[in-house]
Each structure stands twice: as structure tokens, then as C-alpha cells.
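Data block below; observations after.
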Amino acid sequence: MTATESTPDAPDATDAPDVPDATNATDASKASVAVGVADAVTADPGAGPGERATAPGYRAGRTLPLRVEAVRQLKRRRTLVMGGILALLPFVLLIAFAVAGSPGGRNDQVTLMDTATASGVNFAATCLFVSAGFLLVIPVALFCGDTVASEAGWSSLRYLLAAPVPRARLLWSKLAVALGLSAAAMLLLPVVALAVGVAAYGWGPLEIPTGGTLDAGTAAQRLAIVVAYVFVSQLVTAGLAFWLSTKTDAPLGAVGGAVGLTIAGNVLDAVTALGSWRDFLPAHWQFAWADVFQPTPEWGGMIQGSAISVTYALVLFALAFRGFSRKDVVS
């Protein structure tokens, strides 16, 4: 080789391939985890360009089965604690009556509370009367408000969607289980109260505060109707809590917001200056079931209350599904 011969050019720094920044690569990989998992599950080698086909054997309707979700929610501590509180209330009232004596009429006015110790059915009806206004609101708000927000708070919601569980399927499963637990809570209290009342005061007719009696069998049937109506009247709270649960990552915010707005409705109902506007408040009809405990039951109040509650609940459920379908889930 002579001096005039040139050696191969050394690679120039500007020609070197770009080295990806480690920090940016890490952030990008984290941001695309959910999309990558979903694409891996739903990818189909035989799909044409631009098509998004599901993997063989994948069925959206089989994701997040109700049985799995129900078992998960039943095993949670808040479910067990709430069930214990509701089952304990009849015993608390029984002890109170045993210590303070049988209640009596005040100012010659007899209320349902005054006939609590007349029979087991009276005792069960009294337990519903003292708990329907506030205590039964809490389990409904808890079960429906904690369902989606808790997943977001645990940062597991995005992984459920990347499984992939369709968003509508996820909401339907969680809503069905939450309403089922709420119905169980509504049923648990009167069943325990009836058992405790029969053991303490015997199986007898229901004494109506306004006068007259209902035989025990008829009274038990009316009590079942009352439980169903109380559940329907709480659908507003369920819808409100569920909607808030899809809007926040804090379960306490969803539960507390639902309970707070329910209390606000009760306060507004007490403002008589609102006049007929109170008829549009769900709280105005929450004790309409008292008309059932009459020799000839009146259904008008319960029909209006059910219509108001179901209407509000359907609107709130629709808002929850619509908002969650467009929500950017990052938690």
C-alpha cells in the first residue's frame, strides 16, 4: 500500500444509529402495557389489513363472570362488617326495650314505634322504620360506590380492561353484584328482626297504630312488599353512588357523595315552602310503605315513589355507562 492510497473512512459520529434514551423507552413501555396486552389477546393472524379480530376461543360475554365478582365482593371486609352491623341492630333494639321498658304512646298519639313489642311482626316493622331513613342508605352507597372506584384506587382497573374485559361488560357485572348485595342487605335486617321479634314477643297479629290488627300471615306478606319497596326507593342512591364511582378514583368520595346528597334530599323534603316541588324528591316517598300496614292498603304513594326512584336511577346508570365508555382509564 502506498502513501497515496486512502484507508477506509472511519464511521462519522453523525452516521451512527440513534440510541434510544433509556428513560423515554421505559416511559413508553409503561404507557403501552395495556394496549400491548389487549392487542396480544385480540390479535388474529388471519385478520386482514385494518381488521381487529378476536383470538380463537375468546368470548366477551364470558369475561369477569358474575360468580367470580360476587365471591370477590363477599370476601371483602367491608361486606362482612356491614352485614354484621345490620344483623346486630335488632338485638340493640331488643336490649333497649328490655332496659327502658315497653314503649308507650306520647300525647295520645300511637306510632309504629309504640307497638314494637306487640308481636314479632311489629318488631320487624319497627326495625325497618328506624333504619330506612339513613342506615339502609349506607350499604347501598357502599356497595355501589365502592365497586369501580376501588379498582381504580388499587390501580387494577386498567389491567381488567386489558384482559380484555369490555367496558360495558365490566360495569354490568359490577352493577349486578352491587345491587345484589344491596338487596341482600335490605333482606337481612327484617329477616333477623322477625326472628328476634318472634323469639322475644311471639308470633302474633300486627297491631296497626291507627287501630285494628292484621293477622300474622297477611302481615308477613305486607312486610315482604315493604322490603321490596324500600329496595326500589334506594335505587336513586345506588345510581348516584355508581355514577360517582365511575368518575373518581377515591371510593370514599363516591360513597360519601352519595350519602351526602341523599341527606340533602331529606333536608329539602323537610322544607314545606317548596310545596308540590317536594313530590319530585325521592326522599318525599321513602316512608310511603307505611300505607301498606292498613286493613285496606293504599298503593298510590308507593307507585309514585317507585316511578320517581326508577326514573332517576335509570338516568344515573345511563350517565355512568356513557361517561365510562369515553373515559381515559389510566389507573
Side-chain angles (χ1 to χ4, degrees), residues 83 85-140 182-234 266 269-270 278 282-306 309:
I85 293 175
L86 293 175
L88 188 63
L89 177 63
F91 294 96
V92 173
L93 289 180
L94 181 66
I95 294 174
F97 290 147
V99 172
S102 300
R106 296 175 298 276
N107 299 326
D108 296 330
Q109 295 181 353
V110 181
T111 64
L112 191 60
M113 177 68 74
D114 300 321
T115 61
T117 59
S119 67
V121 182
N122 277 95
F123 183 76
T126 301
C127 288
L128 276 176
F129 177 75
V130 300
S131 60
F134 179 72
L135 181 61
L136 291 181
V137 174
I138 297 177
V140 176
S182 301
M186 300 292 172
L187 188 61
L188 176 64
L189 177 63
V191 167
V192 175
L194 185 60
V196 172
V198 170
Y201 308 116
W203 177 257
L206 173 73
E207 290 191 10
I208 302 174
T210 56
T213 61
L214 289 176
D215 63 89
T218 302
Q221 295 175 3
R222 302 278 180 89
L223 189 64
I225 295 174
V226 169
V227 173
Y229 175 76
V230 171
F231 173 72
V232 172
S233 66
Q234 293 297 338
N266 292 333
D269 183 58
R278 294 188 301 165
H284 185 68
W285 307 99
Q286 63 180 344
F287 291 109
W289 55 265
D291 295 335
V292 175
F293 291 130
Q294 300 293 336
T296 302
E298 299 180 6
W299 307 101
M302 293 179 62
I303 293 175
Q304 294 184 60
S306 298
S309 180

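None of these values were measured; they are calculated from a predicted model.
Here Ser182 pairs with Val140, Phe143, Cys144, Phe231 under the side-chain contact (heavy atoms from CB on, under 4.5 Å) rule; sequence neighbours left out. Scanning for side-chain contact (heavy atoms from CB on, under 4.5 Å) contacts around Leu136 gives Leu86, Leu128, Ser131, Met186, Leu189, Val230, with sequence neighbours left out. By the side chain to side chain donor-acceptor pair (under 3.5 Å) test, Asp291 is found to be paired with no residue, residues two or more places apart in sequence or in another chain being considered. A search for side chain to side chain donor-acceptor pair (under 3.5 Å) contacts involving Thr218 returns Asp215, not counting sequence neighbours. Residues that satisfy the side chain to side chain donor-acceptor pair (under 3.5 Å) test with Ser119, not counting sequence neighbours, are Asn122. Evaluation of the side-chain contact (heavy atoms from CB on, under 4.5 Å) rule for Pro297 yields Arg222, Trp299 as partners, not counting sequence neighbours. Evaluation of the side-chain contact (heavy atoms from CB on, under 4.5 Å) rule for Tyr201 yields Leu94, Phe97, Thr117, Phe123 as partners, not counting sequence neighbours. Partners of Gln221 by side chain to side chain donor-acceptor pair (under 3.5 Å), not counting sequence neighbours: none found.
Annotation for Gly83 and Leu188: closest pair O-CD2, 3.5 Å, computed over non-hydrogen atoms. Between Gly305 and Tyr229 the shortest heavy-atom distance is CA-OH, 3.6 Å. Minimum heavy-atom separation, Val227 to Pro190: CG2-CG, 3.6 Å.
Sorted by first and then second residue, the ring pair (Phe, Tyr, Trp, His ring centres under 6.0 Å) pairs with a member in residues 202-223 form an empty list; sequence neighbours excluded.
Between Val198 and Leu194 the shortest side-chain heavy-atom distance falls below 4.5 Å. With a 4.5 Å cut-off on side-chain heavy atoms, Gln286 and Asp269 do not count as touching.
Counting heavy-atom neighbours within 6.0 Å of Phe129 CZ, excluding the residue itself, gives a total of 12 or less.
Rounding to the nearest 0.5 Å gives a distance of 4.5 Å between CG of Leu93 and SG of Cys127. Atom CD1 of Ile138 is separated from atom CD1 of Ile85 by 7.5 Å, given to the nearest 0.5 angstrom. Between Thr213 atom OG1 and Leu206 atom CG the span is 8.0 Å, to the nearest 0.5 Å.
In this pair, Phe293 and Trp289 present their aromatic rings perpendicular. The plane angle is above 60°, beyond the 30 to 60° band.
Judged by distance alone, the side chain of Ser309 and the main-chain N or O of Val232 form a donor-acceptor pair under 3.5 Å.
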